[in-house]
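By convention here, the first residue in the shown sequence is residue 1.
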Amino acid sequence: MAQVAIRLWTFPLAIALLLLVAAHLAWWLSLRAGYIEPCNPYWDGCTSISRAARHGLGNHLFRLLVLPCAVLLAAHWWLASRWVGAGAPSRLLAALGAAAAVALGVYAVFLGTEGAAYGFLRRYGITVFFGCGYLAQLLFLRRWRGSVRSLQRIPWGAMLAVCIAMLLLGAVNVVADALMQDRDRQDRLENALEWQLGLLLAFWYLLQAWVWRAQRLLLSLDP
């Protein structure tokens with residue numbers, strides 16, 4: 001039997017597309033069903049991603065897309081750890097990616113459930129997913145930096161710029177939480193920043209897919 005080869009760039013591409021489609025499809029379905037008010041969530045912050053994907057058909061489709069995305073995320077970071085080289089930092093990269101993947105899976109499984117347990121698991125899932133995923137991105141860029149070629153400086157710089165933008169969004173959220181007195185405005189700002197952060201996250205994976213596609217990396221599977 002012929003050997004099967006999978007293009008590595010399809011992993012980050014699939015992750016980006018699944019995250020984008022899941023969030024926006026759930027938002028559209030919840031909007032049609034009247035669960036959320038019409039607005040631009042990236043600017044008005046009228047709803048969070050969690051609320052948009054919490055009810056009805058949107059909730060089921062969100063889970064259907066995000067759960068396989070979590071599996072791809074774990075596989076992706078394991079492959080990335082192999083790509084950047086051996087050693088303790090590479091093992092840490094794989095561990096951070098695995099933690100982010102598990103947290104995303106937990107978040108998707110319990111999204112839409114009621115009670116204090118759901119609130120805890122949602123906060124755990126979102127915090128660990130974004131936190132460990134962000135650390136994995138930074139470690140990936142640091143490990144890759146030593147072998148960046150001239151043609152790779154633009155995508156490397158773009159990926160670093162995305163990480164900086166994500167950090168700035170987090171800082172804005174912390175400052176707003178400390179200074180804002182109006183709880184409603186604070187919630188709307190937090191929701192808008194969440195959507196923007198999700199968009200930047202997907203864009204980072206798209207950039208990584210571009211890099212791996214240019215290198216024509218393959219994962220060979222024995223029949």
**Request:** Examine distances only and state if a side-chain atom of W195 and a backbone atom of T47 form a donor-acceptor pair shorter than 3.5 Å.
**Result:** yes

**Asked** What pairs meet the disulfide (SG to SG under 2.5 Å) rule with one or both residues in residues 46-92, with sequence neighbours excluded?
**Response** C39-C46

**Complete:** Across all chains, not counting sequence neighbours, the side chain to side chain donor-acceptor pair (under 3.5 Å) partners of W204 are none

**Item:** Heavy-atom side-chain proximity of L199 to L20 below 4.5 angstrom
**Value:** yes

**Message:** Please tell me whether L167 and F129 are part of a single hydrophobic cluster in this structure, the criterion being side-chain heavy atoms less than 4.5 Å apart.
**Reply:** yes

**Asked** Once you round to the nearest 0.5 Å, how far does CZ of F62 lie from CG of L18?
**Response** 11.0 Å

**Message:** Could you check whether E37 pairs with R188 (Lys NZ or Arg NE/NH1/NH2 to Asp/Glu carboxylate O, under 4.0 Å)?
**Reply:** yes

**Request:** Check step by step if side chain to side chain contact (heavy atoms under 4.5 Å, CB included) holds for W83 and L8.
**Result:** CA-CA 10 Å; W83 183 65; L8 261 63; 5.6 Å; no

**Prompt:** Is the Y42 ring parallel, tilted or perpendicular to the H24 ring (thresholds 30°, 60°)?
**Reply:** parallel

**Request:** Taking R54 for its side chain and Y35 for its backbone only, find out whether a donor-acceptor pair lies under 3.5 Å.
**Result:** no

**Prompt:** Sequence neighbours excluded, which residues qualify as side chain to side chain donor-acceptor pair (under 3.5 Å) partners of D44?
**Reply:** none

**Main-chain N/O of P41 paired to N191 side chain as donor or acceptor, under 3.5 Å** = no

